[in-house]
Amino acid sequence: MIDEFAKGHLHQRLRRDREALLWKLDGLSEYDARRPLTATGSNLLGLVKHVATVEARYFGEVFGRPSPEPLPRWQDSDGSDLWAAEDETHDQIIGFYRRTWEHSDATIDELPLDAPGHVPWWPEPGDTNLFAVMLHVLSESVRHAGHADILREGLDGRTGLRAEIEQRIDEEARAAYRAKIEQAARSAVSIKA
C-alpha cells in the first residue's frame with residue numbers, strides 16, 4: 001500500500017516538474033531559448049535537452065528498456081546534451097523530452113518500486129531499484145528546473161512554477177524588495193567590519 005502511494009506521489013511530482021521546466025521556454029525567441037546565460041554556457045533549451053537525456057537513460061538503460069530515441073553511448077558523453085546544436089530545433093528538443101516522458105512513464109507504471117536496475121555509469125556496484133532511480137531523476141529535474149527559474153528571471157523577469165499562477169511583474173515593488181535585501185547585506189558587512 002505505501003509503495004503504491006510513494007510511487008504515485010513521486011511520479012506526480014516528476015510530472016509537475018517536467019511541465020515547470022518546459023514552461024520556462026514559453027514565449028522565448030529561438031535565440032533566447034538557446035543562448036548561453038552563464039559563464040559555463042547554461043541555457044534553457046540545453047537544460048531541457050539534458051534532463052530529457054538523463055531521464056531517457058535512467059528509465060531506459062538502467063532497467064533494460066532502452067529508449068526508442070537515439071542516444072549517444074553514455075561512455076561517449078561530451079557535454080553536447082547541455083546545449084542545442086544549430087541543426088536541432090526548439091520543437092525537436094521539446095518533442096524528444098515529451099516522448100521520453102512516455103517511455104519513462106511506461107517504465108514507472110510497469111515496474112514495482114523494488115524492481116532491480118543497474119547503472120553502468122555509477123561507481124561499482126551500480127545496482128539500484130526503481131525507487132532510487134525515481135528519487136535520483138526527480139532530484140535532477142528539480143535541480144535543473146531551479147536553474148531554469150534563475151535563467152528565465154535573468155532574461156525577462158518571469159518567475160513561478162506555471163502560467164496559471166504567474167503574477168504580473170511589478171517592477172517598482174521588485175526593485176524596492178531587491179534594494180531592501182541589498183541594504184541588509186551592506187549593513188551586515190559594515191556591522192562585522
Side-chain angles (χ1 to χ4, degrees), residues 9-60 67 69 71-72 77-105 108 133-186:
H9 184 70
L10 291 172
H11 200 178
Q12 177 185 10
R13 296 297 300 252
L14 179 60
R15 287 178 172 130
R16 182 199 71 181
D17 291 324
R18 288 168 174 165
E19 292 290 346
L21 181 57
L22 277 188
W23 180 61
K24 295 302 170 179
L25 295 172
D26 187 49
L28 289 179
S29 69
E30 190 71 28
Y31 174 71
D32 281 341
R34 60 178 58 230
R35 72 183 170 115
L37 297 168
T38 68
T40 59
S42 295
N43 62 91
L44 289 162
L45 197 54
L47 288 174
V48 171
K49 182 180 174 185
H50 172 70
V51 172
T53 302
V54 165
E55 189 169 319
R57 288 199 190 290
Y58 275 96
F59 290 118
S67 170
E69 297 291 320
L71 297 172
S77 179
D78 61 0
S80 61
D81 68 321
L82 293 166
W83 56 282
E86 298 87 1
D87 63 342
E88 294 177 301
T89 69
H90 181 269
D91 290 341
Q92 285 172 327
I93 291 173
I94 289 174
F96 165 50
Y97 193 27
R98 289 189 182 280
R99 289 185 304 276
T100 295
W101 297 357
E102 292 173 17
H103 185 259
S104 298
D105 289 348
I108 293 166
V133 167
M134 287 182 77
L135 284 176
H136 181 82
V137 172
L138 179 60
S139 296
E140 185 85 8
S141 299
V142 168
R143 178 174 185 243
H144 291 307
H147 294 147
D149 284 339
I150 293 167
L151 295 178
R152 182 62 190 254
E153 182 178 352
L155 274 174
D156 61 10
R158 287 182 71 183
T159 62
L161 185 61
R162 53 187 191 272
E164 60 270 16
I165 60 173
E166 183 181 25
Q167 296 180 3
R168 188 177 68 74
I169 299 169
D170 180 341
E171 295 293 345
E172 213 171 285
R174 196 175 269 184
Y177 182 70
R178 187 179 186 290
K180 178 180 177 178
I181 297 168
E182 177 68 27
Q183 181 55 47
R186 289 183 186 281

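Quick note: residue numbers are just sequence positions, from 1.
- For R34, the side chain to side chain donor-acceptor pair (under 3.5 Å) criterion is met by E30, not counting sequence neighbours.
- Sorted by first and then second residue, the ring-ring contact (aromatic ring centres under 6.0 Å, His included) pairs involving residues 154-185 (not counting sequence neighbours) form an empty list.
- Among residues two or more places apart in sequence or in another chain, the ring-ring contact (aromatic ring centres under 6.0 Å, His included) test is passed with H136 by Y58, W122.
- Taking CG of L21 as the start and CG of D149 as the end, the distance is 9.0 Å to the nearest 0.5 Å.
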Kindly determine whether R57 and D81 satisfy salt bridge (Lys or Arg N to Asp or Glu O under 4.0 Å), including the steps that lead there.
CA-CA 12 Å; R57 288 199 190 290; D81 68 321; over 6 Å; no
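- By the side chain to side chain donor-acceptor pair (under 3.5 Å) test, T40 is found to be paired with T38, residues two or more places apart in sequence or in another chain being considered.
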Could you walk me through whether L155 and R35 pass side-chain contact (heavy atoms from CB on, under 4.5 Å), step by step?
CA-CA 10 Å; L155 274 174; R35 72 183 170 115; 2.8 Å; yes
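- Proximity of a side-chain donor or acceptor of N43 to a complementary backbone N or O of L82 within less than 3.5 Å is detected.
- Other residues, nucleotides and ligands place more than 12 heavy atoms under 6.0 Å from the CZ atom of R174.
- For A52 against T100, the heavy-atom pair with the smallest separation is O-CG2, 3.5 Å.
- At least one side-chain heavy atom of R15 sits less than 4.5 Å from a side-chain heavy atom of H11.
- Partners of D170 according to the side-chain contact (heavy atoms from CB on, under 4.5 Å) rule, which considers only residues two or more places apart in sequence or in another chain, are E172, A173.
- When all heavy atoms of L14 and S141 are compared, the closest pair comes out as CD1-OG, 3.6 Å.
- Scored by the side-chain contact (heavy atoms from CB on, under 4.5 Å) test, A85 finds W83, D87, E88 as partners (sequence neighbours excluded).
- The closest side-chain heavy-atom distance from R98 to L22 is below 4.5 Å.
- Taking the salt bridge (Lys or Arg N to Asp or Glu O under 4.0 Å) definition, one finds that D17 meets it with nothing, sequence neighbours left out.
- In terms of the salt bridge (Lys or Arg N to Asp or Glu O under 4.0 Å) criterion, E153 has no residue partners (sequence neighbours excluded).
- One distance of note links CG of L44 with CG of D32; it measures 9.0 Å at 0.5 Å rounding.
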Before giving the answer on side-chain contact (heavy atoms from CB on, under 4.5 Å), spell out for Q12 and R16 the whole-Å C-alpha distance, their side-chain angles and the decisive distance to 0.1 Å.
CA-CA 6 Å; Q12 177 185 10; R16 182 199 71 181; 5.8 Å; no
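- The two atoms that bring L25 and A33 nearest to each other are CD2-CB, 4.0 Å, heavy atoms only.
- A donor and an acceptor atom, one from each side chain of E55 and S104, are located under 3.5 Å apart.
- Using a 4.0 Å cut-off between charged side-chain N and carboxylate O, E182 and R186 make a salt bridge.
- Judged as a ring-ring contact (aromatic ring centres under 6.0 Å, His included), and not counting sequence neighbours, the contacts of Y97 are W101.
- Residues I108 and L10 form no side-chain contact, since every pair of their non-hydrogen atoms from C-beta on lies 4.5 Å or further apart.
- Residues in residues 140-174 take part in these ring-ring contact (aromatic ring centres under 6.0 Å, His included) pairs, two or more places apart or across chains: H50-H144, H144-H147.
- Residues passing the side chain to side chain donor-acceptor pair (under 3.5 Å) test with R143, sequence neighbours excluded: none.
- The closest side-chain donor-acceptor pair between S80 and D78 falls under 3.5 angstrom.
- Note: L151 CG to L45 CG = 12.0 Å, rounded to the nearest 0.5 Å.
- Contact annotation: the side chain of T53 approaches that of F96 to within less than 4.5 Å [non-hydrogen atoms, C-beta and beyond].
- A donor-acceptor pair is defined here as one N or O able to donate and one able to accept, closer than 3.5 Å; such a pair exists between the side chain of R152 and the backbone of D26.
- Between the side chains of R99 and H103, no donor N or O sits under 3.5 Å from an acceptor N or O.
- Every residue was checked against the salt bridge (Lys or Arg N to Asp or Glu O under 4.0 Å) condition with E171, not counting sequence neighbours, and none meets it.
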